[in-house]
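The first residue in the sequence is number 1, and the count goes up from there.
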Amino acid sequence: MSNEVKTEIMHAFSEGVRFLTPTGWKVLCDGHGDARLTGGVWMYKGDKEEAHRMQQERWKEIKARSDRYYSQCWV
């Protein structure tokens, strides 16, 4: 049986930090406070290095979706 914690990440509103840290979540980095409402804070459990890589990959997906939406002529 392994004591390793599976690495997980989540994007939460800043207020969530107060509720998440007692349950083992740690702050990874701040979200981006831009006009597209991507603020908040990134939280993680497990390995910080792996969590950071996971966050960067997820951020690429989020930004690509956001860019596609905001590039439409009716937005």
Visitor: With sequence neighbours left out, write down each residue that passes side chain to side chain donor-acceptor pair (under 3.5 Å) with E8, or none if nothing qualifies.
Guide: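 Partners of E8 by the side chain to side chain donor-acceptor pair (under 3.5 Å) criterion come out as none, since no residue qualifies.
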Visitor: Output all residues satisfying side chain to side chain donor-acceptor pair (under 3.5 Å) with K6, sequence neighbours left out; order by chain, then residue number.
Guide: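 In terms of side chain to side chain donor-acceptor pair (under 3.5 Å), with neighbours along the sequence ignored, K6 is linked to no residue.
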Visitor: Write out all pairs satisfying salt bridge (charged side-chain N to carboxylate O under 4.0 Å, His left out) with one or both partners inside residues 40-53, taking only residues at least two apart or from two chains.
Guide: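 Every candidate salt bridge (charged side-chain N to carboxylate O under 4.0 Å, His left out) pair involving residues 40-53 fails, so no pair, neighbours aside, qualifies.
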Visitor: For T21, enumerate each residue passing the side chain to side chain donor-acceptor pair (under 3.5 Å) test, keeping only those at least two apart in sequence or located in another chain.
Guide: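 None.
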Visitor: Just verifying a value: how many Å separate H52 NE2 and E57 CD, rounded to the nearest 0.5 Å?
Guide: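 If I round to the nearest 0.5 Å, the distance is 10.5 Å.
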Visitor: Keeping Q72 on the side-chain end and Y69 on the backbone end, is there a donor-acceptor pair under 3.5 Å?
Guide: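 Yes, Q72 side chain to Y69 backbone: donor-acceptor pair under 3.5 Å.
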Visitor: With a cutoff of under 4.5 Å between side-chain heavy atoms, which Ile, Leu, Val, Met, Phe, Trp and Tyr residues group with V17?
Guide: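 Answer for V17: M10, L20, W25, V27, V41, M43.
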Visitor: Is there a side-chain contact between Q55 and R58 in this structure, where contact means two heavy atoms from C-beta onward sitting under 4.5 Å apart?
Guide: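 Sidechains of R58 and Q55: no contact.
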Visitor: Rounded to the nearest 0.5 Å, what's the gap from CD on Q56 to CD1 on I9? Could you check?
Guide: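 CD1 of I9 is found 9.5 Å from CD of Q56.
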Visitor: Which pairs count as salt bridge (charged side-chain N to carboxylate O under 4.0 Å, His left out) when at least one residue sits in residues 16-28, sequence neighbours excluded?
Guide: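 Qualifying pairs, neighbours excluded: E15-R18.
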Visitor: Has S71 got a side-chain atom pairing as donor or acceptor with D67's backbone, closer than 3.5 angstrom?
Guide: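 Between the backbone of D67 and the side chain of S71 there is a qualifying donor-acceptor contact (under 3.5 Å).
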Visitor: For a quick test of reading the model, state the closest non-hydrogen atom pair linking D30 to W42 and the distance between them.
Guide: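 In terms of heavy atoms, the two residues are closest at O-CD1, 4.0 Å.
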